[in-house]
Amino acid sequence: MDILHGLGSVPAHLKADGGCVVTIGVFDGVHRGHQLLISTAVHRARERGVPCVVMTFDPHPVSIFAPDRAPVALLPIEERACQIAELGVDYLLVIDFREELAGDSPEHYVTEVLQGRLGAVEVVVGENFTFGKDAAGTAQTMAQLGERHGLEVTIVQLLNDGDVRICSTAIRDELTAGNIGLATDYMGRPFSVISVIERGAGRGGRELGYPTANQYVEEMSALPGDGVYAGWVTIIDDAPIDGDIEPGVRYPAAISVGTNPTFGDTRRSVESYILDRDADLYGRMARVEFVDKVRDMVKFNSVDELLENMARDVARTREILAVE
């Protein structure tokens, strides 16, 4: 998959060689609903024998027009790109609303951008799609403009799981509540955090006997609610590691999310105790996958009480992950 940044990077041959099928959205989380929409576009492109283009936005448009209402991101743009590529997309076009499209009318959006720049022969959108200045255009607007300008428009119905509409908001709500199983179901894969392992307070290994890999994610990145979780840790860069951990291998871990109330640490972090392993992981890029919640975050009255609970956390993590 080729990644294009801005309309100016769209190759001229895309339109000249017969056009493309386009789908449009933020696609935060690339959840099951997004997967359905993108897969439909890929299928339609294959039927027509043309490339499939996904147009997405970074940063989130809401963070530009209403920063106080901007949602936390389920996936950084780099991980979104990886997930989208796996669906068979040919081009990912990343648009920055601060520079392009924000002031376009719905008609200009269709005639000058979709047809004029991309050479779109078909557009695939969700039924709740909005576009153009002040989000004035809807999926039905797109269909009407498509009929007027000779552009086929396919509208995909929203995906429901029982009574719940699968959407990024629902996933964020379940994560906040610690309902990892539901978040995983809606996403179609485990929720994960990707960031560099940094030095923490140093108490985990030195004082407690539970060395942790500490990650501090960006403020606008989604995290599960504070608590202890069972999951998996993978080092995703390729450099050799000093210790008994290998890059690219998933290792079971007990994972703490939140501040460290017992020691008065106010920074919110992801701290992973990788079971039965010892390695120097500082500065390494890691993916942490969440499987299930072990318990809520608690402030303990003593280090001994903390250690007793940490031992129970590890035992429960083994049970959840079925790790001996």
Side-chain angles (χ1 to χ4, degrees), residues 1-5 20-46 51-63 70-97 101 114 118 120 122-131 135 137-139 142-143 153-176 179-194 220-222 224 287 289-290:
M1 182 182 76
D2 290 334
I3 300 178
L4 311 173
H5 291 274
C20 59
V21 173
V22 181
T23 188
I24 310 164
V26 176
F27 301 121
D28 184 22
V30 196
H31 55 62
R32 285 166 50 202
H34 296 151
Q35 293 166 31
L36 174 62
L37 184 63
I38 294 170
S39 295
T40 299
V42 170
H43 177 70
R44 295 293 296 151
R46 298 296 178 266
C52 176
V53 177
V54 169
M55 181 190 294
T56 193
F57 307 95
D58 185 60
H60 197 298
V62 176
S63 69
V72 293
L74 294 171
L75 289 179
I77 185 62
E78 297 82 6
E79 187 66 12
R80 266 191 280 160
C82 291
Q83 297 294 334
I84 290 170
E86 290 184 2
L87 297 172
V89 171
D90 300 293
Y91 294 92
L92 178 66
L93 174 59
V94 183
I95 298 293
D96 186 336
F97 250 45
L101 298 183
L114 297 180
L118 294 172
E122 183 175 348
V123 178
V124 180
V125 296
E127 62 179 306
N128 63 341
F129 174 68
T130 59
F131 69 107
T138 65
M142 181 69 79
V153 176
T154 297
I155 299 175
V156 176
Q157 291 187 336
L158 299 176
L159 185 63
N160 295 311
D161 192 320
D163 296 330
V164 178
R165 177 167 68 88
I166 294 178
C167 62
S168 299
T169 299
I171 294 169
R172 293 186 193 98
D173 290 344
E174 299 301 345
L175 286 174
T176 299
N179 297 327
I180 300 300
L182 282 174
T184 296
D185 182 50
Y186 296 163
M187 290 188 74
R189 64 183 180 282
F191 172 76
S192 62
V193 168
I194 299 175
M220 290 305 295
S221 296
R287 173 186 286 109
E289 300 174 62
F290 293 84

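With sequence neighbours excluded, no residue forms a ring pair (Phe, Tyr, Trp, His ring centres under 6.0 Å) with Y186. In terms of the side chain to side chain donor-acceptor pair (under 3.5 Å) criterion, residue partners of E289 (sequence neighbours excluded) are, by chain and number, R250. Residues that satisfy the ring pair (Phe, Tyr, Trp, His ring centres under 6.0 Å) test with H34, not counting sequence neighbours, are F27, H31.
Remark: of the listed residues V123, L101, L93, V123 is the sole one forming a side-chain contact (heavy atoms from CB on, under 4.5 Å) with I24. In summary, of the residues considered (V21, V22, T23), a side-chain contact (heavy atoms from CB on, under 4.5 Å) with V53 occurs for V22 alone.
For E127, the CD atom is densely surrounded, since the number of other residues' heavy atoms within 6.0 Å is greater than 12.
The shortest heavy-atom contact between V26 and P61 is CG2-CD, 3.8 Å. In terms of heavy-atom proximity, V125 sits nearest to A139 at CG2-CB, 4.2 Å. Residues T184 and F191 approach most closely at OG1-N, 4.2 Å, considering heavy atoms. Looking at every heavy atom in both residues, D28 comes nearest to L75 through OD1-N, 3.1 Å. In this structure, T56 and G25 approach most closely via the heavy-atom pair OG1-O, 2.9 Å. When all heavy atoms of L87 and Q35 are compared, the closest pair comes out as CD1-CA, 4.1 Å.
Contact of the V72 side chain with the S221 side chain is not registered, since no non-hydrogen atoms from C-beta on lie closer than 4.5 Å. Proximity of M142 to I155: side-chain heavy atoms (C-beta onward) are nowhere separated by under 4.5 Å. Counting heavy atoms from C-beta on, the side chains of R80 and D58 come closer than 4.5 Å. Taking the side chain as every heavy atom from C-beta outward, I38 and Q83 never approach each other to under 4.5 Å. Side-chain contact check for C20 versus Y91: every heavy-atom pair is 4.5 Å or farther apart. The side-chain heavy atoms of T169 and P71, taken from C-beta on, include no pair separated by under 4.5 Å.
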Tell me, with the steps shown, if V94 and L92 meet side chain to side chain contact (heavy atoms under 4.5 Å, CB included).
CA-CA 6 Å; V94 183; L92 178 66; 4.1 Å; yes

Walk me through it: do S168 and R172 pass the test side chain to side chain contact (heavy atoms under 4.5 Å, CB included)?
CA-CA 6 Å; S168 299; R172 293 186 193 98; 3.7 Å; yes

Take M1 and V54, measure what side chain to side chain contact (heavy atoms under 4.5 Å, CB included) needs, and give me the verdict at the end.
CA-CA 10 Å; M1 182 182 76; V54 169; over 6 Å; no

Step-by-step side chain to side chain contact (heavy atoms under 4.5 Å, CB included) determination, E79 to R287
CA-CA 11 Å; E79 187 66 12; R287 173 186 286 109; 3.5 Å; yes

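Once rounded to the nearest 0.5 Å, the distance linking CD1 of I166 with CD1 of I171 reads 7.5 Å. In this structure, Q157 CD and T40 OG1 are separated by 11.0 Å, a value rounded to the nearest 0.5 Å. The structure places CD of E122 at 4.0 Å from OG1 of T154, a figure rounded to the nearest 0.5 Å. Rounding to the nearest 0.5 Å places CG of L158 at 13.0 Å from CZ of F129.
Judged by distance alone, with hydrogens and angles left aside, the side-chain atoms of R32 form a donor-acceptor pair with the main-chain N or O of D185 at under 3.5 Å. Under a 3.5 Å cut-off, the side chain of D90 and the backbone N or O of C52 do form a donor-acceptor pair.
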